[in-house]
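Below is one structure; the comments refer to it alone.
Computation of the quantities below employed the complete heavy-atom set of this structure, encompassing side-chain atoms and omitting hydrogens, waters and symmetry-equivalent molecules. Order of appearance sets the numbers: ligands from 1, and atoms from 1 within every ligand.
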Amino acid sequence: MIIQKQKPIEEILESLAESRSVFIAGCADCATACKTGGEEELAAMKVRLEAAGKTVTGTAIYDTACLSGEVRKTTAAHQAEVDAADAILVLCCGSGVQTIGDYLDAKAVVPGVDPLFIGQVIRAGKYEEKCQACGKCILALTDGICPVTRCAKGLLNGPCGGYKNGKCEVDPEKECAWVQIYERLKARGHLDKLRKLQEAQDYSALHRPRRLVWDRPKKA
Ligand code: SF4
Ligand code: SF4
């Protein structure tokens, strides 16, 4: 899940300063779970834009706004409303904004959301970072707790020694990831995993922009 928060309305209006009419797009996935671009948020944004003197030509929730095929299909279903707008305001992550933007070359495409991190939704309004997409996942060695992300120093071979009462020395409000890893391995009888020395992560996989292309199986 891409955890995100909506931009302040002042910033959104500044980006829309040259646009008199706006089409608002949201996403049924992460943006709905984070309450940035679901049905409720689109309806509320419509009211705010109209109060600021804008004409809202229409709204649409994309099932998944970063899926090219889905964006093509949903945009086509709202073509008249999209064509009538000077700008598209997209209330979802940057990947969704760019996917929608790729299909609307001639339109201003404006982001209404700041994406923050890949995380877990504990409940609506409570989100925690869990993964940095480092390119070489080592969760098998820690029974599912990521030290790259959840240890403040990203340590791979045990704690730094500064933790106190299970809390991190960098931020005492947070759990020490390595205490959590130790407790989980112990509870599951997997403490032997700690004997394996981890080599430094190979961050060459992080060269940006990253891209993954699968060969499609050939048809018989
Ligand atoms: S090791 Fe951590 S940051 Fe890397 S892919 Fe796994 S969960 Fe994500
Ligand atoms: S106290 Fe624990 S979580 Fe904090 S930096 Fe040290 S090992 Fe990492």
Side-chain angles (χ1 to χ4, degrees), residues 1-6 27-37 62-68 70 90-99 111 113-216:
M1 179 78 55
I2 308 291
I3 307 300
Q4 50 197 274
K5 68 177 171 52
Q6 215 175 75
C27 175
D29 282 343
C30 311
T32 293
C34 292
K35 297 195 146 302
T36 55
Y62 289 76
D63 273 351
T64 308
C66 53
L67 280 186
S68 300
E70 162 60 22
V90 186
L91 298 179
C92 69
C93 76
S95 182
V97 176
Q98 292 177 69
T99 306
V113 162
D114 287 321
L116 300 174
F117 52 82
I118 302 174
Q120 176 184 357
V121 180
I122 310 292
R123 58 168 168 74
K126 186 173 182 187
Y127 312 101
E128 291 184 359
E129 186 172 20
K130 291 288 156 93
C131 175
Q132 294 181 42
C134 72
K136 186 172 184 300
C137 193
I138 58 167
L139 288 178
L141 300 166
T142 59
D143 275 16
I145 296 174
C146 175
V148 177
T149 306
R150 293 167 67 178
C151 165
K153 298 173 187 172
L155 301 178
L156 301 181
N157 285 292
C160 63
Y163 66 87
K164 197 169 173 191
N165 299 325
K167 303 288 186 184
C168 174
E169 72 166 354
V170 176
D171 181 352
E173 295 291 310
K174 296 187 178 137
E175 309 297 321
C176 167
W178 273 105
V179 170
Q180 291 181 307
I181 291 168
Y182 176 83
E183 295 296 345
R184 182 172 289 182
L185 292 175
K186 186 177 167 196
R188 297 181 181 183
H190 294 162
L191 278 178
D192 54 307
K193 289 186 179 181
L194 290 177
R195 295 186 187 282
K196 188 168 186 293
L197 189 67
Q198 284 306 305
E199 292 185 8
Q201 280 285 78
D202 176 9
Y203 287 111
S204 64
L206 286 177
H207 286 169
R208 291 195 163 87
R210 288 183 274 177
R211 183 172 284 170
L212 175 65
V213 182
W214 285 337
D215 287 332
R216 291 189 180 181

Task: Expected output: side-chain Trp178 to main-chain Leu155 donor-acceptor under 3.5 Å - done: yes
Open item on the list: Given a threshold of 2.8 Å, state how many protein N/O/S atoms are nearer than that to atom 2 (Fe) of ligand 1.
Closed with: 1
Open item on the list: Is it the case that the side chain of Thr32 and the backbone of Cys27 share a donor-acceptor pair, with hydrogens and angles ignored and the cut-off at 3.5 Å?
Closed with: yes
Open item on the list: Out of all atoms in ligand 2, which are within 4.0 Å of some heavy atom of Tyr163? Include the element for each.
Closed with: 1 (S)
Task: Heavy-atom donor-acceptor pair, Tyr203 side chain to Gln201 backbone, under 3.5 Å - done: no
Open item on the list: Taking 4.0 angstrom as the limit and counting only heavy atoms of Lys153, give me the atoms of ligand 2 inside it, by number and element.
Closed with: 5 (S)
- [ ] Heavy-atom contacts with Pro159 under 4.0 Å: which atoms of ligand 2 show up? List them by number with element.
- [x] 7 (S)
Task: Crowding at NZ, Lys193 (>12 non-hydrogen neighbours, <6.0 Å) - done: yes
TODO: Please identify which atoms of ligand 2 are closer than 4.0 Å to at least one heavy atom of Ala177.
DONE: 3 (S)
Open item on the list: Main chain of Leu67, side chain of Thr64: is a donor-acceptor contact present, judged purely on distance under 3.5 Å?
Closed with: no
TODO: Distance to 0.1 Å, residue and atom name: give those for the protein heavy atom nearest to atom 2 (Fe) of ligand 2.
DONE: Cys176 SG, 2.4 Å
Open item on the list: Around atom OH of Tyr182, are there more than 12 heavy atoms from other residues, nucleotides or ligands closer than 6.0 Å?
Closed with: no
TODO: Measure across Arg210 and Cys134 and return the closest heavy-atom pair with its distance rounded to 0.1 Å.
DONE: NH1-C, 4.3 Å
Open item on the list: Is it the case that the side chains of Glu129 and Thr149 hold a donor-acceptor pair, with the cut-off being a distance below 3.5 Å and no angle test?
Closed with: no
TODO: For Cys151, take its heavy atoms, then give the atoms of ligand 2 lying under 4.0 Å from any of them.
DONE: 3 (S), 5 (S), 7 (S), 8 (Fe)
TODO: Please say whether more than 12 non-hydrogen atoms of neighbouring residues, nucleotides or ligands are located less than 6.0 Å from CG in Asn165.
DONE: no
Open item on the list: Any N/O/S atom from Cys168 (main chain or side chain) under 2.8 Å of atom 4 (Fe) of ligand 2?
Closed with: yes
Open item on the list: Strictly below 4.0 Å, N to O, side chains only: are Lys167 and Glu173 in salt-bridge contact?
Closed with: no
Open item on the list: Give me the residue, atom name and distance of the protein heavy atom closest to atom 7 (S) of ligand 2.
Closed with: Cys160 N, 3.3 Å
